[in-house]
Amino acid sequence: MTSEKEKKRALRIYEILREKYGEQKPALNFSNPFELLIATILSAQCTDARVNVVTEKLFKKYKNPKDFLKTETEELEKDIFSTGFYRQKAKSIKACCEILAKEYDGKVPSNFEELTKLPGVGRKTASVVAGNAFGIPAVAVDTHVRRLSNLLGLADTKNPDKIEAALKELLPERTWIEISHLLASHGRAVCKARKPDCFNCVIYDYCPGKKLK
DNA sequence: CTCCCGATAT
DNA sequence: ATATCAGGAG
């Protein structure tokens, strides 16, 4: 139940953000699909800035799934400690690498469904990898996208899967990968969770959830 | 719904 | 000192 008017409005929001923030690339540093996969797993409940600090050293030490498999879990836990949830993440990465090595010849699968089956990889992580490593249209719903989508009236639910569906319905496929980045960028820079800077918001006029006058 | 956990803003 | 931030699995 998506009217043309709503689609128009959503596209307008996209265009304004696109104008302000320009070409978007992931805030996570990576140089190949495997690195993006690992970085995105680490980014769960952790800022991208922190993940980048950790991966700078991490990717010098671990180049491929086998490198991770050669290492004791305890050592890996130390290497990723500051990203939080380090036991879970170390376990996920190990299990992930096991599968990549055995079933995918050490490569990262390039389709969404296969990605989702990997340990520690949910729809958000799978969308990030599919979109940014392989150019497959996908909408990654992280906490920023969730918050801004609701604030902007692009979605009315806390359920990430439904937000993803709503954004895909509202916006043309060519904008899918970018809209996640744009909403996240705007969420980090201006429409911050703790203290939204509505004064400096370029989409203020489109925002029913504005906090300041 | 609960557990997993450190970093940072206030 | 503590509230808030940031996803996935069971």
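It should be emphasised that the depicted structure is a prediction, and the values quoted were computed from it without experimental measurement. Proteins get letters first, then strands, A, B, ... in listed order; numbering begins at 1 in each.
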Next on the checklist: Can you identify which nucleotide, out of B:dC5, B:dT8, B:dT10, has its nearest atom closest to the A:Y86 side chain?
Outcome noted: B:dC5
Next on the checklist: Counting primed atoms plus P, OP1 and OP2 as sugar-phosphate and everything else as base, spell out the protein contacts along nucleotides 3-10 of chain C at 4.0 Å heavy-atom distance: B, S or - for each nucleotide, 5' to 3'.
Outcome noted: BBSBBSS-
Checklist entry - Angle class for the A:Y86/A:F81 ring planes (parallel below 30°, perpendicular above 60°, tilted otherwise)? => result tilted
Next on the checklist: Can you check the distance between C:dT2 and B:dC5, where both ends of the measurement are the C1' atom (answer in whole Å)?
Outcome noted: 16 Å
List, one per line, each side-chain donor-acceptor pair under 3.5 Å for residues 132-145 of chain A, sequence neighbours excluded.
| from | atom 1 | to | atom 2 | distance (Å) |
| --- | --- | --- | --- | --- |
| A:N132 | OD1 | A:H181 | NE2 | 3.3 |
| A:N132 | ND2 | A:V128 | O | 2.9 |
| A:D142 | OD1 | A:H144 | N | 3.0 |
| A:D142 | OD1 | A:V145 | N | 2.8 |
| A:H144 | ND1 | A:R147 | NH2 | 2.9 |

Item to check | Length of the line joining A:L42:CG and B:dC5:P, which is rounded to integer Å | outcome: 13 Å
Item to check | Pairwise C1' distance for B:dC3 and C:dA6, with rounding to whole Å | outcome: 15 Å
Checklist entry - Is any side-chain N of the basic residue among A:D48 and A:R188 closer than 4.0 Å to the acidic one's carboxylate O? => result yes
Checklist entry - With a 4.5 Å heavy-atom cut-off, do A:L151 and A:C191 have their side chains touching? => result yes
Checklist entry - Can you list every ring-ring contact (aromatic ring centres under 6.0 Å, His included) pair that touches residues 10-29 of chain A, not counting sequence neighbours? => result A:Y21-A:H186
Item to check | Min side-chain heavy-atom separation A:R18-A:E23 under 4.5 Å | outcome: yes
